[in-house]
Amino acid sequence: MVAAMHGGAQTNAPPSQTSSAPVGSRSYSTMARRFASRAAGSIGRRSYSTHQPSKPALRVGLIGARGYTGRELIKLIDGHPQFELAYVSSRELAGKPVPNYTKAQINHVNLSAQQVGELTREGRQAVDVWIMALPNNVAAPFVAEINNAAAQLPPDQQPVVVDLSADYRFDTTGQWAYGLPELHRASLRNSTTGRISNPGCYATGSQLGIAPLLPYLDSTRLPSVFGVSGYSGAGTKPSPKNDPNFLQDNLIPYAPVNHIHEREIGHSLTRLCKPEYPFGSQNPLKVQFSPHVAPFFQGIALTLHVPLRLSMSVKDMVEVYREFYQGERLVHVVESAPLVRDNSEKHYAVVGGFAVPPHGEDTGAAQLAERRAVLNVTLDNLLKGAATQAIQNMNIAMGIDEYAGIPLTDKPTMSLD
Ligand SMILES: NC(=O)C1=CN([C@@H]2O[C@H](COP(=O)(O)OP(=O)(O)OC[C@H]3O[C@@H](n4cnc5c(N)ncnc54)[C@H](OP(=O)(O)O)[C@@H]3O)[C@@H](O)[C@H]2O)C=CC1
Ligand SMILES: CC(=O)N[C@@H](CCC(=O)OP(=O)(O)O)C(=O)O
């Protein structure tokens, strides 16, 4: 178990107080100093003086810090009782101070894959957790360098890697755990590799919406998901999907078939199916998914149609969902339809708006073709759809409280709980 392998890292020692031991030694080495990202001058006078974690801080290296998800991660780590930023990498912002971070004065650096490997070779005194918040198809050289370096390290010095892209979500090597804790908590906790692939934003909401109904699906028809995302989902690289002029008074459909999340939803839900379910490894579940981007900045609204092989009333559905998510602190079940605006900047997902065709609910005598459940899911694409989920996964991997550092106080007012 990864958690058991990690005993916690040393607190940040200012370079001025460290030795110049060679790379690979246990002390804070020349390599760490060369890439040290704290603002010169503040070190030793003010930095780190006000932050006194009760336990040794766990050091995070964030690659892709300029992006929307990177910014949210910085805020979350700033409020986290045990994580602290060790390296914050962006090519464009190198040398500039990291905003929204109060635990220390720290500057962005531009770490190459090779430098990330060299820091990894330092062991946990340099970095406990690497976060890759990079576009798809960019992380592989970084991950390869980390893996090469980690291969030379003892178990208690192994770093955890959390990747936010889609690159490892279909992993067949068994190296990467799929980081959707509410559905895959046991495999995450049992993972010994310390490699976690964070799910996609739409894919997170869609799976949370469909998973409780897996035993009741009709094997002859496919669930479908209509998704609307805020334009932060399209990242910071300019495109029509994040162009405010093009988005004004507009709703842009894109990738109507074969979106990567369409494949991710089916692939990951199939893994949850038990032998007695209508779908499973012999009959993989496929889900139809059509995304849209809207003029609001952050948030996702999904409407799901889920074909059922038996009639279910709204009351049945509410019961099924409440039982399934009982005790979960980042998934709330409500009766009425959740609103994307209410879920913006919140760390949880909300499932609700349950409906069934009239005959199905009242008499149970509906034709098979009418038996379906309709529901809504909302979440913040940058939070439960990305950064908050990454923190949840890091907490699990490090063996600390799964919700550490995640604000949980603001529950939806319409929750049934
Ligand atoms: N936005 C969202 O809602 C969600 C995003 N994700 C996924 O998370 C990842 C990050 O997304 P997001 O924050 O939106 O992306 P952004 O486009 O906003 O940011 C990308 C980051 O990667 C850096 N970067 C870009 N290209 C390279 C490169 N070739 N080499 C090194 N660094 C590079 C950029 O900084 P710089 O150019 O300064 O180096 C920037 O910090 C993506 O894989 C995305 O699919 C997942 C769920 C939700
Ligand atoms: C509005 C918008 O463009 N959204 C992104 C989803 C962001 C995300 O979760 O992407 P990854 O699966 O690549 O990590 C998209 O559809 O590609």
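All ligand and atom numbering here is 1-based and tracks the order in the structure.
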> Nearest protein heavy atom to atom 17 (O) of ligand 2, by residue and atom, and its distance?
Replying inline: H259 NE2, 3.6 Å
> Can you list the residues that meet the salt bridge (charged side-chain N to carboxylate O under 4.0 Å, His left out) rule with E323, with sequence neighbours excluded?
Replying inline: none
> Can you tell me if R169 has a non-hydrogen atom under 4.0 Å from ligand 2?
Replying inline: yes
>> Please find the pair of heavy atoms, one from L383 and one from E345, that lie closest to each other, and give the distance.
In response: CD1-C, 3.4 Å
> Considering residues at least two apart in sequence or located in another chain, which fulfil the ring pair (Phe, Tyr, Trp, His ring centres under 6.0 Å) criterion with Y168?
Replying inline: W176
> For atom 13 (O) of ligand 2, what is the nearest protein heavy atom, given as residue, atom name and distance?
Replying inline: N136 ND2, 3.0 Å
> Less than 3.5 Å between some nitrogen or oxygen of H261 and one of ligand 2, yes or no?
Replying inline: yes
>> For Q157 and Q152, which I'm curious about, is there any donor-acceptor pair between the side chains at under 3.5 Å?
In response: no
>> Checking side-chain polar atoms at under 3.5 Å, does Y178 have a donor or acceptor matched by the opposite partner on E264?
In response: yes
> Who gets closest to atom 8 (C) of ligand 2 by heavy atom: C201, G200, S165?
Replying inline: C201
> Per the side-chain contact (heavy atoms from CB on, under 4.5 Å) rule, which among L164, L379, L180, V162 passes with Q389?
Replying inline: L180
Below 3.5 Å only, please: the N or O atoms of ligand 1 paired with protein N or O atoms, distance on each line.
from     : atom 1 : to   : atom 2 : distance (Å)
ligand 1 : 1 (N)  : S232 : O      : 3.1
ligand 1 : 3 (O)  : N381 : ND2    : 2.8
ligand 1 : 13 (O) : Y68  : N      : 3.2
ligand 1 : 13 (O) : T69  : N      : 2.9
ligand 1 : 13 (O) : T69  : OG1    : 2.8
ligand 1 : 17 (O) : T236 : N      : 3.2
ligand 1 : 17 (O) : T236 : OG1    : 3.2
ligand 1 : 18 (O) : Y68  : N      : 3.1
ligand 1 : 18 (O) : T236 : N      : 3.1
ligand 1 : 18 (O) : T236 : OG1    : 3.1
ligand 1 : 26 (N) : R91  : NH2    : 3.1
ligand 1 : 29 (N) : R91  : NH1    : 3.4
ligand 1 : 35 (O) : R66  : NE     : 3.4
ligand 1 : 37 (O) : R66  : NH2    : 2.9
ligand 1 : 37 (O) : R91  : NH2    : 2.9
ligand 1 : 38 (O) : R66  : NE     : 2.8
ligand 1 : 38 (O) : S90  : OG     : 2.7
ligand 1 : 38 (O) : R91  : N      : 3.3
ligand 1 : 38 (O) : E92  : N      : 2.9
ligand 1 : 39 (O) : R91  : N      : 2.9
ligand 1 : 39 (O) : R91  : NE     : 2.9
ligand 1 : 41 (O) : G64  : O      : 3.1
ligand 1 : 41 (O) : R66  : N      : 3.0
ligand 1 : 41 (O) : G67  : N      : 3.0
ligand 1 : 43 (O) : L134 : O      : 2.6

>> Pairing donors with acceptors under 3.5 angstrom, does anything connect the side chains of N198 and D163?
In response: no
>> Regarding atom 16 (O) of ligand 2: of the candidates Y68, F289, Y254, which has the closest heavy atom?
In response: Y254
> Which pair of non-hydrogen atoms, one from Y348 and one from R329, has the smallest distance, and what is that distance?
Replying inline: CB-O, 4.4 Å
> Is there at least one pair of N or O atoms, one from G230 and one from ligand 2, spaced under 3.5 Å apart?
Replying inline: no
Ignoring hydrogens and angles, write down the donor-acceptor pairs under 3.5 Å from the side chains of residues 283-308, residues two or more places apart or on other chains.
from : atom 1 : to   : atom 2 : distance (Å)
N283 : ND2    : P278 : O      : 3.1
S290 : OG     : P256 : O      : 3.1
H292 : ND1    : G227 : O      : 3.0
H292 : ND1    : S290 : O      : 3.3
Q298 : NE2    : D380 : OD1    : 3.2
Q298 : NE2    : D380 : OD2    : 2.6
T303 : OG1    : N376 : ND2    : 3.0
H305 : ND1    : R372 : NH1    : 2.9

> Looking only at side chains, do E145 and T120 share a donor and an acceptor under 3.5 Å apart?
Replying inline: no
>> Counting non-hydrogen protein atoms only, what is the nearest one to atom 5 (C) of ligand 2? Give residue, atom name and distance.
In response: G233 O, 3.2 Å
>> Which residue and atom name correspond to the protein heavy atom nearest atom 3 (O) of ligand 2, and how close is it?
In response: K241 NZ, 2.6 Å
> Is N381 in contact with ligand 2, taking contact as a heavy-atom separation below 4.0 Å?
Replying inline: no
>> Can you confirm whether the side chains of N381 and S232 place a donor and an acceptor under 3.5 Å from each other?
In response: yes
